[in-house]
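Let me begin by presenting the structure, written as structure tokens, before commenting on it.
So you know, we letter chains A, B, ... as the sequences are listed, proteins then strands, and number each from 1.
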Number of protein chains: 2
Amino acid sequence: MHTDYVAALDIGGTKIAGALVDGKGGILARAQRPTPATEDGELIMGAVEEVFGELTADPLWGGAVAVGIGSAGPVDATAGTVSPVNVPGWRGFPLVERVRAVTGGLPVTLVGDGVAIAAAEHWQGAARGHDNALCMVVSTGVGGGLVLGGSLHPGPTGNAGHIGHISVDLDGDLCPCGSRGCVERIASGPNIARWAAGAGWRPGADGDATAAAGAAAAAGGDPVATAAFERAAQALAAGIAATATLVEIDIVVIGGGVGRAGEVLFGPLRRRLRDYATLSFVQGIEVVPATTGTDAGLVGAAAATGLGSSRDDDAAVVG
Amino acid sequence: MHTDYVAALDIGGTKIAGALVDGKGGILARAQRPTPATEDGELIMGAVEEVFGELTADPLWGGAVAVGIGSAGPVDATAGTVSPVNVPGWRGFPLVERVRAVTGGLPVTLVGDGVAIAAAEHWQGAARGHDNALCMVVSTGVGGGLVLGGSLHPGPTGNAGHIGHISVDLDGDLCPCGSRGCVERIASGPNIARWAAGAGWRPGADGDATAAAGAAAAAGGDPVATAAFERAAQALAAGIAATATLVEIDIVVIGGGVGRAGEVLFGPLRRRLRDYATLSFVQGIEVVPATTGTDAGLVGAAAATGLGSSRDDDAAVVG
């Protein structure tokens, strides 16, 4: 019988979510606050403390043995600090120490949000049973995390898998990160929409010029919208092929708003992947949609603590 | 007292080298044959058998407990086969099974040659003491291998770290591998020489138009030769930054003929790396020349079997 739980915290630019997660990935209690992203660091920490205030008041809190945090990056798991790009009040903020203080000294594991999503997909989602996987979120930004040799690979600082900021076009457009031709600079939702607009695509009567509207237009046969997704697919394919060529992965799981575009994205992506993933050991990469839902960040933050890491044994028994 | 040795085999396009390697990386016996690269598979295997014929005749052979093979890639450690690009007679050749047969059933570990070099540099060379490293060979081709979390990361098939064939220029020149804009397609010796020739560089009185001659010209201030190395450095920087962003590494070790060009390469490489390695967790990457010598392939093949894997303890005692 499992009576141990993990407290999970998911820090994003718009909300701070917390939960108690059990050994099967079930959510037993939850709390949430909007992220006061433009406020100073202590006010943002106040929202975190309110989330933990609710969780620690829960009768189940006594079973919490660890805390897992997945945060918008970059994070620094070595220093225990976070510096989320979209939360300017937190730069090198000592989140681990502060969370330890409000949770009575529980051990705290910190990873980036892409790493958390990978942990969730590996434990509960489409990467389950795969020892070498890249899990991505293609949305307002492009993020990711890696599973290597059967285990989550957060890297020493918790940031590994940052596929959105590898350059696939070394003379390409400047990226806000300072580099050029990053995957995110080409394939994120806003960049797809920008490319489409630049190529002459105009939204319909509703005025919706987002990538989602572009996806609908592409699905309806609009050639410019189709070309915009083709370009994004090309950049994603080059980045995925690079990842597979560097570390050997056999599956790529893609979630996020753009990831939900369906065949408009997955069709050209699988085709382009054949162009870039040419060496024998990367030719068989599977590309599938993510299956974990909106709680993936929480479930993954919990999984990053090692919760559920006996899942391979479980799977063997079940399968 | 150590009495256990490993038999190492280094398969390249021009030579097949074998050795008995001890637990300190010392070479106790060696044998070598030219690679009959254009002959059929059995003739090539004959050369391997001659190498093992010499090694097994050595009085020290009785102490050999395992065999480590580093081979020109691609390899397939899962199937135990090799398909070296420059050895057309071997396509899916069952080298592991054949070597096991001629060594009396010793356990055989197979990795790609880039992985072997990484193992050697981590054990004996410039990556020693680093838990997360990329080791590269920049020469006729561009290869590499990874150390992650303190251990060699060959990947399931033994090919991980293939940085030469990641695309950093998604619309770039077609690479013989079938992809476009690969690091090797821009930064290998022959491609540097080709770029320089295309930009109008002409060799000196000796007629030497190789990258080595170009490096000498660049060191002497020739602007076209300098630009050729600058372009190669840019591609290497983009590839190295991608690797660090994906898996987190703190050191890059570069060997091979082009790697020996010195500041002509390392100067612009370190500068360009600042352009592409922009995220906080990759800004501190160290770039250094390789220090293992011509035996690196043999020593690394031996290390890939796990020989010397107590080196961290040794280092702690020494350091």
Heavy-atom closest contact (C177(A) atom, L279(B) atom, distance):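 The pair with the smallest heavy-atom distance is CB-CD2, 4.0 Å.
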
Proximal to chain B - members of residues 133-149 of chain A, heavy-atom separation under 4.5 Å: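 At a heavy-atom separation under 4.5 Å, chain B is reached by L146(A), L148(A).
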
Contacts of residues 156-166 of chain A with chain B (heavy atom under 4.5 Å):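 Hits under 4.5 Å: P156(A), T157(A), G158(A), N159(A), A160(A), G161(A), H162(A), I163(A), H165(A), I166(A).
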
Option that, when pairs with chain B are counted at under 4.5 Å, heavy atom only, ranks first among [options]:
{"options": "D171(A), D76(A), T78(A)", "value": "D171(A)"}
{"options": "G178(A), G181(A), A238(A)", "value": "G178(A)"}
{"options": "C182(A), A277(A), S167(A)", "value": "S167(A)"}

Rounded distance (nearest 0.5 Å) linking atom CD of Q234(B) with atom CZ of R180(A):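 Rounded to the nearest 0.5 Å, the CD-CZ separation comes to 9.0 Å.
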
Structural part of D169(B) lying under 4.5 Å from a heavy atom of chain A: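 Both backbone and side chain.
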
Portion of A235(A) that has a non-hydrogen atom of chain B nearer than 4.5 angstrom: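 Contact with chain B is through both the backbone and side chain of A235(A).
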
Closest-packed option against chain A by number of heavy-atom pairs under 4.5 Å, given G172(B), A242(B), G239(B), P74(B):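 Among G172(B), A242(B), G239(B), P74(B), the one with the most close pairs to chain A is A242(B).
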
Student check: side-chain heavy atoms of L246(A) and V247(B) closer than 4.5 Å: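 The answer is no; the side chains never approach within 4.5 Å.
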
Check: L170(B) and R231(A) side chains under 4.5 Å, non-hydrogen atoms: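 Result yes, sub-4.5 Å side-chain heavy-atom pair found.
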
